[in-house]
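The structure appears below as structure tokens.
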Number of protein chains: 2
Amino acid sequence: MHKEHALTKNQQIIFDLIDKSPEPMKAYSILFNVQKKGIKAPLQVYRALDKLVQIGKIHKIESRNAFIACHNSSCQVAKATAFSICEICEKVTEISSAGLSKYLANFKDKDGMKYSKYNLEFFGLCKKCTLK
Amino acid sequence: MHKEHALTKNQQIIFDLIDKSPEPMKAYSILFNVQKKGIKAPLQVYRALDKLVQIGKIHKIESRNAFIACHNSSCQVAKATAFSICEICEKVTEISSAGLSKYLANFKDKDGMKYSKYNLEFFGLCKKCTLK
DNA sequence: TAACATTGTGTAATAATATAACATTAACAT
DNA sequence: ATGTTAATGTTATATTATTACACAATGTTA
Ligand SMILES: [Zn+2]
Ligand SMILES: [Zn+2]
Ligand SMILES: [Zn+2]
Ligand SMILES: [Zn+2]
């Protein structure tokens, strides 16, 4: 049997933490939360994060230096991500839109270049904050 | 007469440096380069950068923590940016495509939310690196 | 199995990126 | 001139991320 991506102990601990979190987590907040499980150093966290990003289990929200679990199985193949970020409450939601991903995957720049990999961050107000 | 956005001395020094640079510049590299002009502390650089980003004269490449001058006058109004980034040589190009900006500005998520502000980073190989 | 290569781990030190706090000054509008 | 806002200068500190090195676990191939 071919295990797709069996996570190591550290990777699993850190993935579980991020996956349970309702909001993106920062590396040092992750570190603080897993110290009781024996992960003591920043590098141990960053190594697990790198791997998890690489295999598509989590994404990095670049503008926030934070990490969120992927809930969109298609991302695990294409490294093409899109998020909406609320500028007031910082709520982050992964956007899963076939139309959008199709448009961006097929987008050609001036030189005719296509890009299968991209990261898109939309900023605005979430529903809750719009009503306030 | 109403000056739109007259830059202050520090802002001008830092903008000129970034504008002349063929590649995105990082904050501490900027700091190093302007020390001879009397800008001695990180905060002086970050304050100018914040302002320049805010008024649309430069953009931050979030995935690289670097800053690039805007060469697309329309960005100065809408905080809506798109870049292509070469994964080998790190060349960054601002994409100016009416079609793309229209598509993204009109994009609605599941909840019908629109986002006038966004940042898009495409990753791939530039022309040069494709040929190698 | 044995040998090798690849990947992950643990630990310490350090680099790179960014902000807080405070006092002061310049620019601008009543 | 007075009050207000924005910018500055300076010091210290917080936050984010990597380098370097020794070692262990895992997987592949002979
Ligand atoms: Zn995803
Ligand atoms: Zn919100
Ligand atoms: Zn621009
Ligand atoms: Zn290139």
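Source: prediction; values computed, not measured. Every chain is numbered from 1, with letters handed out A, B, ... down the list of sequences.
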Margin query: Tell me whether the side-chain N/O atoms of A/Lys51 come closer than 4.0 Å to OP1 or OP2 in C/dG8.
Written below: yes
Note to self: Assess, by modelled atom type and distance only, whether the side chains of A/His59 and A/Glu94 contain a donor and an acceptor separated by less than 3.5 Å.
What the structure shows: yes
Margin query: So, OP1 or OP2 of C/dG8: does either fall under 4.0 Å of a side-chain N or O from A/Lys9?
Written below: no
Checklist line | side chain to side chain contact (heavy atoms under 4.5 Å, CB included), paired with B/Phe67, selected from B/Leu17, B/Ile18, B/Ile14 | finding: B/Ile18
Check: Can you tell which of D/dA7, D/dA17, C/dG10 lies closest to the side chain of A/Arg47?
Finding: C/dG10
Notebook entry, point to check: Can you tell me if B/Ser63 and A/Glu62 form a side-chain donor-acceptor pair at under 3.5 Å?
Noted result: no
Next item on the list: Determine, using ring centers only, whether B/Phe107 and A/Tyr103 are less than 6.0 Å apart.
Entry: no
Notebook entry, point to check: A/Gln54 CD to C/dT6 P: how many Å, rounded?
Noted result: 15 Å
Checklist line | Nucleic acid contacts - residues 37-45 of chain A versus DNA chain C, non-hydrogen atoms under 4.0 Å | finding: A/Lys40, A/Ala41, A/Leu43, A/Gln44
Check: What does C/dG10 pair with, Watson-Crick or G-U, if both distances are under 3.5 Å?
Finding: D/dC21
Item checked: Aromatic-base stack, A/Tyr28 on D/dT15, cutoff 5.5 Å, angle under 30 -> no
Next item on the list: Scan side-chain atoms only and decide if A/Asn33 and A/Gln35 contain a donor-acceptor pair under the 3.5 Å cut-off.
Entry: no
Notebook entry, point to check: When you check the side-chain N and O atoms of A/Asn10 and A/Gln12, is any donor under 3.5 Å from an acceptor?
Noted result: no
Checklist line | Out of D/dA17, C/dT19, C/dG8, whichever nucleotide has its closest atom nearest the side chain of B/Tyr46 | finding: C/dT19
Margin query: Nearest to the side chain of A/Asn10, heavy atoms from C-beta on, is which of C/dG10, C/dG8, C/dA18?
Written below: C/dG10
Check: Between the side chains of B/Gln54 and B/Asp50, is a donor N or O closer than 3.5 angstrom to an acceptor N or O?
Finding: no
Note to self: As a quick check of understanding, evaluate side-chain contact (heavy atoms from CB on, under 4.5 Å) for A/Arg64 and A/Ile85, giving each step before the final call.
What the structure shows: CA-CA 10 Å; A/Arg64 300 297 186 260; A/Ile85 302 174; 3.6 Å; yes
Notebook entry, point to check: Looking at A/Asn65, does any N or O in its side chain come under 4.0 Å of the phosphate oxygens OP1/OP2 on C/dA18?
Noted result: no
Check: B/Phe32 CZ to C/dT17 P: how many Å, rounded?
Finding: 14 Å
Check: Does A/Lys60 make a side-chain N or O approach to OP1 or OP2 of D/dA17 shorter than 4.0 Å?
Finding: yes
Next item on the list: Give a yes/no answer on whether the side chain of B/Thr8 brings an N or O atom under 4.0 Å of OP1 or OP2 in D/dT8.
Entry: yes
Item checked: Whole-Å distance separating the NZ atom of B/Lys26 from the C1' atom of C/dA15 -> 11 Å
Check: Counting N and O atoms only, with roles assigned by atom type, does the side chain of B/Thr130 sit under 3.5 Å from a partner on the main chain of B/Cys126, one being a donor and the other an acceptor?
Finding: yes
Check: What is the distance from CD1 of A/Ile30 to C1' of D/dT15, rounded to the nearest Å?
Finding: 14 Å
Next item on the list: Starting at atom CG of B/Leu7, determine the distance to atom P of D/dA6, rounded to an integer number of angstrom.
Entry: 16 Å
Next item on the list: Take the protein atom CD of B/Gln11 and the nucleotide atom P of D/dG9, then report the distance between them rounded to whole Å.
Entry: 11 Å
Enumerate the protein-to-nucleotides 27-29 of chain C contacts in which both atoms are nitrogen or oxygen and the separation is below 3.5 Å.
none

Next item on the list: Scan residues 103-117 of chain A for pairs that pass salt bridge (charged side-chain N to carboxylate O under 4.0 Å, His left out), counting only residues two or more places apart or in two chains.
Entry: A/Lys117-B/Glu87
Check: CD of A/Glu62 versus C1' of C/dT17: gap in Å, rounded?
Finding: 14 Å
Next item on the list: Report the distance from atom CD of A/Gln12 to atom C1' of C/dT9, rounded to the nearest whole Å.
Entry: 17 Å
